[in-house]
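For ligands, and for the atoms within them, numbers begin at 1 and follow the listed sequence.
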Amino acid sequence: MMLFKPYKLGAFTMRNRLVMAPMTTYSSNPDFTVSEEEIAYFKRRSSHLGMVITAATAVSAQAQAFPLQVSLKDDSFVASQQALAKAIQEEGALAVVQLHHGGRMNVPSLHADPNNIVSASAIKAEREGVATPRALSEEEVEQVIDDFVSALKRAIAAGYDGAELHGANTYLLQQFFSPHSNRRTDRFGGSLDKRMTFAKTLIERSVNAIKEAGRPFLLGYRFSPEELETPGITLEDTQAFVAMLKTQALDYVHISLGRYNQSSIRESSDKRKIVDVIQAELKHAIPLIGVGGIHTKESAEDALAHGYELVATGMSIIADPDWALKIETGKALNTVIGPKLLLPTPLYQRLLNNKPWFERNGYTFEV
Ligand SMILES: Cc1cc2nc3c(=O)[nH]c(=O)nc-3n(C[C@H](O)[C@H](O)[C@H](O)COP(=O)(O)O)c2cc1C
């Protein structure tokens, strides 16, 4: 069974192909360092996985999207992130930090200075509770790229095995690629090609920073293949984006989907599976992580059969810290979410406030 065999990723070997999907915990200390509760939560879930991707981590004060979001915004955060990376690695999993900037999706109340809500262009997201962002100047875009690269260097200093650039789920990197949020006419926008300039420049600078560090360090890129808005990212746009990613020195790419085997959310008549559309371009040149509804051994195996090299799981590892061990040994999985699962308190509270999201996926809550 390929799922549980070691897998070579860059200079590293994962003990199996199972990955913990990046999940925000909303549970940092008040100063945005990693809390003891978070360390215990990740450590408890790391013992049988090949790789753990941590919560979206803010690359600067301006990047902060959520309350109590962990940060790598300056050197003072290296020590607390080091403790997290070490806790994951001690359990035998690779530790990868997800680097993030919320852009126009930042919760406005977290930013006393409304100037901190920025994006590619001054276009508000089609969502409740968000602010109209300020368009970054060209110089500021360079600064944001620098912020990502500086955070990546801190991740290297903290001992992580890699970093994932969070280009998915409507956040800033996606906002630069999206024709909805990017109406620029400089070198960062104006055509499909130019909307890729931000991601391409960031990846290239990240690769250089890793080379300079002189030790093995993985670089991954996560993206969402479509947007519902008009204009919005289409599968055709994404094929071009994947063609660009394919030319980069990335160790993996990661598509963020609600269902690993789904087809288009924009065009119901387009029955192609999104993974097939991606692999038609990527041709397995870079390992691809699949995610979304991979909650059982059957779905994990089916995901590999669909052409993913690695499979990530989110909700199921929240609900069952021993998920990987249990699917390997054929034991029944826990699907009841409760206080004994070593969930950080604010995360548990969030889940309780968002019960339907988990209930739709077959999870229940202890009363
Ligand atoms: C509580 C929670 C927090 C999440 N936070 C992030 C995040 O920080 N970064 C990210 O890229 N995706 C995030 N996601 C999305 C997951 O990585 C994953 O793509 C999604 O949950 C689908 O996989 P699943 O069906 O296995 O849960 C989050 C999901 C959940 C449930």
Side-chain angles (χ1 to χ4, degrees), residues 18-28 32 34 38 41-42 45 49 51-59 63-72 84 96-103 105-107 163-175 220-226 252-262 265 274-275 288-300 302-303 308 310-321 323-324 327 333 335 337 341 343-363 365:
L18 304 174
V19 178
M20 177 165 168
M23 283 184 289
T24 299
T25 54
Y26 316 93
S27 300
S28 71
F32 310 123
V34 181
E38 282 183 297
Y41 157 84
F42 277 107
R45 285 162 172 78
L49 294 169
M51 181 200 283
V52 169
I53 307 173
T54 64
T57 301
V59 298
Q64 200 193 344
F66 321 111
L68 298 183
Q69 180 180 10
V70 285
S71 182
L72 263 173
L84 176 56
V96 171
V97 64
Q98 190 184 50
L99 300 179
H100 180 230
H101 188 309
M105 299 308 292
N106 285 0
V107 173
E164 175 173 289
L165 303 172
H166 191 354
N169 304 355
T170 74
Y171 297 113
L172 186 73
L173 272 54
Q174 181 174 329
Q175 291 161 29
Y221 195 97
R222 190 176 220 216
F223 64 96
S224 294
E226 284 184 299
Y252 72 84
V253 290
H254 187 175
I255 345 175
S256 179
L257 289 172
R259 288 282 171 263
Y260 69 96
N261 55 359
Q262 75 181 61
I265 53 168
I274 290 179
V275 59
L288 178 65
I289 303 185
V291 74
I294 303 175
H295 297 169
T296 60
K297 184 178 180 182
E298 291 67 37
S299 50
D302 190 47
Y308 296 103
L310 298 169
V311 294
T313 195
M315 292 184 184
S316 52
I317 199 96
I318 283 187
D320 196 333
W323 180 79
I327 66 163
L333 294 167
T335 54
I337 297 172
L341 295 172
L343 298 169
T345 312
L347 173 61
Y348 185 44
Q349 203 48 55
R350 279 263 170 171
L351 302 184
L352 291 175
N353 293 339
N354 287 287
K355 278 185 181 176
W357 185 23
F358 275 70
E359 286 167 349
R360 276 196 302 276
N361 283 279
Y363 297 93
F365 287 80

Once you round to the nearest 0.5 Å, how far does CG of Leu341 lie from CG of Asp320?
-> 7.5 Å
Interatomic distance, Met23 atom CE to Thr313 atom OG1 [nearest 0.5 angstrom] |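 Reported value, rounded in 0.5 Å steps: 7.5 Å.
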Step by step, work out the side-chain contact (heavy atoms from CB on, under 4.5 Å) result for Asn106 and Gln64.
-> CA-CA 6 Å; Asn106 285 0; Gln64 200 193 344; 5.6 Å; no
Has [X] got a side-chain atom pairing as donor or acceptor with [Y]'s backbone, closer than 3.5 angstrom?
X      : Y      : value
Gln98  : Thr24  : no
Thr57  : Val70  : no
Tyr171 : Ala65  : no
Glu164 : Val96  : no
Gln175 : Thr170 : yes
Trp323 : Gly314 : no
Asn354 : Arg350 : yes

When the ring planes of Phe358 and Tyr363 are compared, do they come out parallel, tilted or perpendicular, using 30° and 60° as the limits?
->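 Plane angle over 60°, so perpendicular.
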Interfacing atoms of ligand 1 (cut-off 4.0 Å, heavy-atom, [X]):
X      : value
Gly293 : 24 (P), 25 (O)
His166 : 9 (N), 10 (C), 11 (O)
Ala21  : 17 (O)
Thr313 : 26 (O)
Ala56  : 8 (O)
Asn169 : 10 (C), 11 (O), 12 (N)
Gly292 : 22 (C), 23 (O), 25 (O)
Thr24  : 3 (C), 4 (C), 5 (N), 6 (C), 7 (C), 8 (O)

Give the residue and atom name of whichever protein heavy atom lies nearest to [atom], and the separation in Å to one decimal.
atom                    : value
atom 19 (O) of ligand 1 : Arg222 NH2, 2.9 Å
atom 30 (C) of ligand 1 : Trp357 CH2, 3.3 Å
atom 26 (O) of ligand 1 : Gly314 N, 2.7 Å
atom 14 (N) of ligand 1 : Pro22 O, 3.4 Å
atom 9 (N) of ligand 1  : Gln98 OE1, 2.8 Å

Is there at least one protein heavy-atom neighbour under 4.0 Å from atom 21 (O) of ligand 1?
-> no
For atom 4 (C) of ligand 1, which candidate among Arg259, Met23, Met315, His295 provides the closest heavy atom?
-> Met23
Consider every N or O of Ser316 and every N or O of ligand 1, then say whether any pair is closer than 3.5 Å.
->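 Not met; the criterion fails.
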Quick one: does ligand 1 sit under 4.0 Å from the side chain of Asn361, the backbone, both or neither, non-hydrogen atoms only?
->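 It is neither; nothing of Asn361 touches ligand 1.
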